[in-house]
2 protein chains.
Amino acid sequence: MFLRGPLQLSPVARRTYDLPDCGLAVALDLLGERWTLLIVRELLLGPQRYTDLNDGLHGLSTNLLAERLRHLETNGIIHRTELPPPAASTVYELTPIGEELQPLIVQLALWGERFTDGRSVSEPRAAAFAMVARHCGPDAVSAAAPAADIRTGECRIDIDDYSIAAQLDAGRLRARAHPPAQPVAVVRTTGEVYRSLVNGQMSWAEAVAAHAVHVEGDISQLGALFGHLR
Amino acid sequence: MFLRGPLQLSPVARRTYDLPDCGLAVALDLLGERWTLLIVRELLLGPQRYTDLNDGLHGLSTNLLAERLRHLETNGIIHRTELPPPAASTVYELTPIGEELQPLIVQLALWGERFTDGRSVSEPRAAAFAMVARHCGPDAVSAAAPAADIRTGECRIDIDDYSIAAQLDAGRLRARAHPPAQPVAVVRTTGEVYRSLVNGQMSWAEAVAAHAVHVEGDISQLGALFGHLR
DNA sequence: CGGAATCCTCTTCGATACTG
DNA sequence: CAGTATCGAAGAGGATTCCG
């Protein structure tokens with residue numbers, strides 16, 4: 001094996017920028033290939049199985065996924081965990097180093113949003129990520145957390161026929177693709193209303209007043225969550 | 001021409017993620033190909049000619065550079081300007097949309113820095129970008145600008161046998177690869193000292209006390225600049 | 001000399017098929 | 001479920017050539 005610096009390359013020479021001094025070039029050696037950042041984004045929504053990733057990333061071929069996961073794992077950005085029986089499945093999750101990419105990915109997504117066609121949020125994971133993106137926002141990237149004293153358990157959000165989970169913990173939002181069995185609160189709404197809430201076109205108070213959302217459990221926590229979305 | 005949404009694709013179908021709703025996927029369609037972000041980083045240091053870019057990005061072939069520039073221009077991230085005679089040269093520079101990528105690129109570079117081998121800043125543009133990266137920092141990304149009342153003209157920084165320019169304007173740092181003819185101040189130092197200053201291992205006051213930097217002009221402004229680097 | 005287009009080789013990607 | 005194997009198509013790298 002020919003290793004050049006701490007960055008792990010494959011046995012056969014990968015295509016690299018070969019600038020081991022340059023943080024940007026090295027970051028791009030690790031993340032710059034096709035699909036890699038989209039895989040990381042999927043994993044920002046919690047640990048996922050190989051098949052979850054394959055299903056969530058339409059167009060990504062299975063050999064590429066395997067290769068990318070191997071590369072990310074080798075370099076300490078994700079790691080594999082074997083779930084205990086009866087689940088007996090292997091899942092991939094981000095390491096702390098991988099988690100640090102969240103603000104960056106959110107920023108990139110918000111930058112790219114001006115080029116999108118404006119329709120949005122047609123899929124659970126996209127919905128969860130949109131919520132994270134809005135909450136983190138361009139100005140909140142690793143900056144002061146609003147209302148840092150608020151602490152909630154995990155809430156479930158039902159949007160049309162799919163569910164996501166959200167947890168607001170000390171001002172930090174974690175969204176998950178897989179909601180918990182026992183959420184502390186549940187909100188049910190339509191894709192259209194959810195999109196308006198996330199995009200800030202409708203406030204939480206307005207949605208509640210218009211009976212556009214149905215709530216069970218500790219409503220104050222959900223209101224606090226959506227209140228932070230512009 | 002087959003256009004799908006506002007994103008401009010080439011006549012022959014480019015490889016795309018084909019998720020016109022997803023800000024991240026669209027951003028990666030624009031920026032995710034090899035060399036593209038490195039080209040943008042070069043342009044963060046001011047307008048550059050084709051040849052400057054070709055020289056600054058070792059390993060990038062001329063056909064790729066031409067193709068990337070065309071793609072970036074088509075999508076409004078950079079634009080070409082013809083300099084008036086006698087210069088009579090065309091330069092590429094970032095549009096405001098392209099400029100917005102600075103915090104993102106800085107963040108990515110800082111994230112990648114842990115994988116570098118630690119030696120650093122061996123080239124003018126790398127030096128300039130390192131200064132920007134440190135000044136913007138992980139916590140200062142589009143956040144509160146420190147000492148926003150400070151305003152300077154453009155300073156020249158001579159490091160060994162090359163020069164860069166720096167301007168601190170209302171707390172926002174602009175670094176340029178090409179220093180102005182009439183800088184308001186000049187600081188001269190070695191690559192080693194400069195690296196220590198940028199990396200925060202040496203304070204400006206220490207460097208001045210140790211006569212490790214030589215200063216002409218308005219020293220207070222330079223001190224203010226380096227004082228912001230940790 | 002600046003700013004590319006062309007040609008050729010090699011690598012990577014994408015789709016499908018197949019295996020423990 | 002979690003990958004590996006294979007193969008044609010597209011993209012990247014390098015050298016050379018062309019044009020003003």
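Quick note: numbers below take in every heavy atom, side chains included, and nothing from hydrogens, waters or symmetry partners. So you know, we letter chains A, B, ... as the sequences are listed, proteins then strands, and number each from 1.
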Worksheet item: Any donor and acceptor pair, going by atom type alone, linking the side chain of A:T95 with main-chain N or O of A:G76 inside 3.5 Å?
Response: yes

Worksheet item: Quick one: B:D52 CG to C:dC1 P, roughly how many Å, whole number?
Response: 15 Å

Fill in: nucleotides 15-20 of chain D: protein proximity per nucleotide (B base, S sugar-phosphate only, - neither; heavy atom, under 4.0 Å)
B-----

Discussion item. Does anything in residues 44-55 of chain A form a side-chain hydrogen bond (donor to acceptor under 3.5 Å, both in side chains)? List the pairs, not counting sequence neighbours.
Written reply: A:Q48-A:R125, A:R49-A:D52, A:Y50-A:T62

Discussion item. Tell me whether the side-chain N/O atoms of B:T51 come closer than 4.0 Å to OP1 or OP2 in C:dA4.
Written reply: no

Item to complete: Would you please confirm or rule out a distance under 4.0 Å between OP1 or OP2 of C:dT12 and any side-chain N or O of A:W35?
Response: no

Practice prompt. Looking only at side-chain atoms of B:R80, point me to the closest of D:dG3, C:dA4, C:dA5.
Written response: C:dA4

Worksheet item: Which of the following nucleotides, C:dA5, C:dC13, D:dG3, is nearest to the side chain of A:A66?
Response: D:dG3

Worksheet item: Residues in side-chain hydrogen bond (donor to acceptor under 3.5 Å, both in side chains) with B:D158, at least two apart?
Response: B:R156, B:S163

Discussion item. Taking ring-ring contact (aromatic ring centres under 6.0 Å, His included) as the definition, give me every residue that meets it alongside B:Y17, ordered by chain and number, with sequence neighbours left out.
Written reply: A:W35

Worksheet item: In whole angstroms, how far is the P atom of D:dG3 from the CD atom of A:E82?
Response: 9 Å

Fill in: Interatomic distance where CG belongs to A:L64 and P belongs to C:dA17 [whole Å]
18 Å

Worksheet entry | A:Y92 vs D:dG3: side-chain N/O to OP1/OP2 distance below 4.0 Å | yes

Practice prompt. Return the value, rounded to whole Å, for the distance between atom CG of B:D18 and atom P of C:dA15.
Written response: 11 Å

Worksheet item: Closest nucleotide of DNA chain D for A:V91 versus for A:Y17: which of these residues is on the 5' side?
Response: A:V91

Worksheet item: Could you give the CZ-to-C1' distance, from B:R70 to C:dA4, as a whole number of Å?
Response: 9 Å

Practice prompt. With sequence neighbours left out, write down each residue that passes side-chain contact (heavy atoms from CB on, under 4.5 Å) with A:L37, or none if nothing qualifies.
Written response: A:L31, A:I105, A:L108, B:L28

Worksheet item: Does A:R34 use its side chain to pair, donor to acceptor, with the backbone of A:L60 at less than 3.5 Å?
Response: no

Item to complete: Just report the end-to-end axis angle for the helix from C:dC1-D:dG20 to C:dG20-D:dC1, five pairs per end, to 10 degrees.
Response: 30°

Fill in: Euclidean distance, atom CG of residue A:L65 to atom C1' of C:dT12 [Å, nearest integer]
16 Å

Item to complete: Write down the distance between CG (A:L60) and C1' (C:dG14), rounded to a whole number of angstrom.
Response: 10 Å

Discussion item. Run the side-chain hydrogen bond (donor to acceptor under 3.5 Å, both in side chains) test against B:S61 and tell me which residues pass, sequence neighbours left out.
Written reply: B:N63

Worksheet, complete the sentence: Those residues at least two apart in sequence (or on a different chain) that pass side-chain contact (heavy atoms from CB on, under 4.5 Å) with B:R80 are B:E73, B:E82, B:T90, B:Y92

Worksheet item: Is the backbone N or O of A:G32 less than 3.5 Å from a side-chain atom of A:T36, with the two atoms forming a donor-acceptor pair by type?
Response: no

Worksheet item: D:dA12 P sits how many Å from B:R68 CZ, rounded?
Response: 4 Å

Compile the donor-acceptor pairs under 3.5 Å between side chains in residues 175-182 of chain A and protein atoms, sequence neighbours left out, one pair per line.
{"unit_1": "A:R176", "atom_1": "NH2", "unit_2": "A:L44", "atom_2": "O", "d": "3.2"}

Worksheet entry | Nearest-neighbour nucleotide for the A:T90 side chain, D:dA2, D:dG13, C:dG3 considered | D:dA2

Fill in: Phosphate contact (C:dT11 OP1 or OP2) by A:R34 side-chain N/O below 4.0 Å
no

Fill in: A:R49, nearest nucleotide to its side chain (from C:dG14, D:dA2, C:dG3)
D:dA2

